[in-house]
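So the structure is just underneath, and the comments pick up after that.
The structure presented is a predicted model; accordingly, all values stated were derived computationally and were not measured. Below, read A as the first sequence line, B as the second, and so on, with proteins coming before strands; counting in each chain starts at 1.
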Protein chains: 2
Amino acid sequence: MEAVLSRKEQIERTATALFKTKGFSATSMRDLANALGIEAASIYSHIKSKEEILQRVCFRMAQEFFDALDTAESINGTATERLQRAIAAHVQVLTKNTAASAVFLHEWRHLSEPYLTEYLSLRDRYEGRFREVIREGISNGEFSVPDEKFATLMIFSGLNWIHTWYKPDGKMNPEEIAENLSAMLLTGLNNTQHNTSVNPIHLNTPN
Amino acid sequence: MEAVLSRKEQIERTATALFKTKGFSATSMRDLANALGIEAASIYSHIKSKEEILQRVCFRMAQEFFDALDTAESINGTATERLQRAIAAHVQVLTKNTAASAVFLHEWRHLSEPYLTEYLSLRDRYEGRFREVIREGISNGEFSVPDEKFATLMIFSGLNWIHTWYKPDGKMNPEEIAENLSAMLLTGLNNTQHNTSVNPIHLNTPN
DNA sequence: CCTACCGATCGGTAGG
DNA sequence: CCTACCGATCGGTAGG
């Protein structure tokens with residue numbers, strides 16, 4: 001886990017943490033330099049601009065979400081199973097780097113064009129794939145829900161709220177979070193009761 | 001609805017819209033002045049500082065949320081009914097002013113002390129009251145959920161995601177959003193199936 | 001509500 | 001990676 005980071009990676013990681021805590025706009029290049037122990041001007045040997053850091057974080061995270069979803073969807077199954085896997089994949093990416101996730105979720109609006117438009121379209125495509133699974137589940141009778149779009153919204157709300165409370169040393173690990181989330185979401189979605197197969201997990205305390 | 005606004009209210013409302021779109025830090029007093037059609041210096045005849053506007057918005061919204069919850073909880077009933085009413089109250093406040101809600105939910109971190117601490121403690125108390133209803137529902141058997149804290153988190157995630165997609169002229173009005181949200185959340189919470197009593201509502205299209 | 005202005009800080013560059 | 005510095009802009013004040 002403690003791999004050697006290039007200076008550029010160090011800058012990106014430190015900036016991400018600052019962007020998360022203070023926000024992109026309120027973080028100055030001098031704040032960043034200070035956290036790195038160098039002068040502000042020196043940062044520019046490694047990156048072109050402050051916004052470039054934000055771009056890299058946002059699009060790297062987008063890539064990670066897509067990759068995880070691709071892997072999750074490469075396995076066949078019922079709509080329920082596929083949704084569960086998609087949720088688990090999303091939670092994994094989210095919890096693996098909470099700072100980058102927070103930046104991805106909240107600081108993207110400081111992207112300038114054409115990055116902003118591209119970011120928005122990536123998000124749309126990603127959400128569309130979840131909506132597709134739900135649509136299938138509705139049409140084959142697995143899910144019973146008044147509005148497919150609303151259901152997708154609910155899933156993403158639960159998913160993207162995680163970074164606000166998740167602590168790596170908390171009582172739930174990412175797998176348990178995903179299972180609990182799926183359980184809570186699916187029992188609301190499921191028409192017939194395979195509640196027992198969704199098994200919400202109880203707490204083990206690792207610390 | 002189109003009441004006469006004092007200059008101070010005008011400033012607050014315009015600032016709120018800008019804070020929502022650009023964020024607190026990225027909004028300058030010159031941006032605000034420009035939107036109002038006056039000079040930046042003139043704003044200071046009405047307010048003491050940029051942060052004062054943020055403080056007013058955050059604590060006014062906190063007050064509105066508490067007032068709505070007080071009213072909702074003044075009516076007795078089962079835990080299910082009380083949770084439904086609390087959710088509806090929250091949705092009402094949220095949708096009544098989406099800009100102020102967005103600022104309340106995302107810009108509070110730019111509050112300085114002691115306001116930050118007070119804000120955080122207000123939120124904690126508010127969430128605690130939802131947690132209390134859930135706790136009661138669990139202990140009297142209405143709800144079946146592995147973790148009370150997790151359930152509360154899920155409710156707030158669904159609740160506080162609304163402002164990102166809610167459109168006043170969309171196909172769901174606040175009451176319908178609340179009912180759909182309750183339905184989706186409660187059927188996940190409910191042990192016995194009073195699904196039919198929760199009645200998720202279908203779309204009427206006002207526009 | 002304006003003009004005129006303040007010191008501080010911003011993102012970023014030149015040149016080594 | 002640093003020193004030295006740039007023009008622009010920041011939140012805010014004085015005085016009317």
Side-chain angles (χ1 to χ4, degrees), chain A residues 4-59 99 103 106-116 119, chain B residues 4-59 99 103 106-116 119:
Chain A
V4 179
L5 296 178
S6 70
R7 196 88 245 217
K8 186 163 184 170
E9 286 167 331
Q10 244 181 81
I11 290 171
E12 233 179 88
R13 184 168 295 209
T14 308
T16 302
L18 288 170
F19 290 172
K20 180 197 170 145
T21 331
K22 314 181 55 157
F24 175 78
S25 294
T27 302
S28 73
M29 293 306 267
R30 277 140 185 105
D31 290 335
L32 178 52
N34 213 286
L36 289 160
I38 59 177
E39 292 301 315
S42 307
I43 298 172
Y44 290 91
S45 329
H46 301 96
I47 54 130
K48 287 206 295 286
S49 68
K50 183 184 171 185
E51 201 199 302
E52 195 207 14
I53 306 176
L54 181 63
Q55 289 160 13
R56 291 175 60 92
V57 175
C58 286
F59 290 102
V103 171
H106 295 304
E107 304 302 323
W108 55 266
R109 62 179 163 177
H110 296 110
L111 252 19
S112 64
E113 295 294 357
Y115 302 100
L116 184 60
Y119 172 90
Chain B
V4 180
L5 296 179
S6 71
R7 195 90 243 217
K8 186 163 185 170
E9 286 167 330
Q10 246 181 78
I11 290 171
E12 232 179 271
R13 184 167 295 208
T14 308
T16 302
L18 288 170
F19 290 171
K20 180 198 170 147
T21 331
K22 315 182 52 157
F24 175 78
S25 293
T27 303
S28 74
M29 293 307 267
R30 277 141 185 104
D31 290 335
L32 177 54
N34 214 286
L36 289 161
I38 57 174
E39 293 300 316
S42 307
I43 298 171
Y44 291 91
S45 328
H46 302 94
I47 54 129
K48 287 205 298 282
S49 67
K50 183 184 171 185
E51 201 198 302
E52 194 206 14
I53 306 176
L54 182 63
Q55 288 159 15
R56 290 175 61 92
V57 175
C58 287
F59 290 102
V103 171
H106 296 303
E107 305 302 324
W108 56 265
R109 61 179 162 176
H110 297 109
L111 252 20
S112 64
E113 295 294 358
Y115 303 98
L116 184 61
Y119 172 90

Side chains of B:Arg13 and B:Gln10 only: does a donor on one sit below 3.5 Å from an acceptor on the other?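 Short answer, no.
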Just checking A:Ser25: base, sugar-phosphate only, or nothing, at a heavy-atom cut-off of under 4.0 Å?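 Nothing: the residue A:Ser25, judged by heavy atoms under 4.0 Å, touches no strand.
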Within the 4.0 Å heavy-atom criterion, would you say B:Ser45 contacts the bases, only the backbone, or no part of the nucleic acid? base
Nucleotide [N], atom [atom2] - distance to [atom1] of [X] in whole Å:
X: B:Leu54; N: D:dG11; atom1: CG; atom2: P; answer: 13 Å
X: A:Arg7; N: D:dC1; atom1: CZ; atom2: P; answer: 4 Å
X: A:Met29; N: D:dC10; atom1: CE; atom2: P; answer: 18 Å
X: A:Asn34; N: C:dC10; atom1: CG; atom2: C1'; answer: 15 Å
X: A:His110; N: C:dC10; atom1: NE2; atom2: C1'; answer: 15 Å
X: A:Lys50; N: C:dG12; atom1: NZ; atom2: P; answer: 8 Å
X: B:Ile11; N: D:dG11; atom1: CD1; atom2: P; answer: 14 Å
X: B:Asp31; N: D:dC10; atom1: CG; atom2: P; answer: 6 Å

Using only atom types and a distance under 3.5 Å, with no angle test, would you say the side chain of B:Glu51 pairs donor to acceptor with the backbone of B:Ser112?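 Confirmed, B:Glu51 side chain pairs with B:Ser112 backbone.
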Any donor-acceptor pair under 3.5 Å from A:Asp31 side chain to A:Ser28 backbone: yes
OH (A:Tyr115) with more than 12 external heavy atoms under 6.0 Å: no
Heavy-atom check, side chain of B:Gln55 versus side chain of B:Glu52, under 4.5 Å: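 Yes, close enough: below the 4.5 Å cut-off.
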Here's a test of your reading of the structure: between B:Ala40 and A:Ser28, which maps to the more 5' nucleotide of DNA chain C? B:Ala40
Report the base-pairing partner of D:dG16 (Watson-Crick or G-U wobble, both distances below 3.5 angstrom), or none.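 Across all strands, the one nucleotide that pairs with D:dG16 is C:dC1.
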Given [options], which nucleotide is nearest the side-chain atoms of [X]?
X: B:Arg30; options: D:dG12, C:dC2, C:dG11; value: D:dG12
X: A:His46; options: C:dG11, D:dA4, D:dC1; value: D:dC1
X: A:Tyr44; options: D:dC2, C:dT13, D:dT13; value: C:dT13
X: B:Glu39; options: C:dG11, C:dT3, D:dA4; value: C:dT3

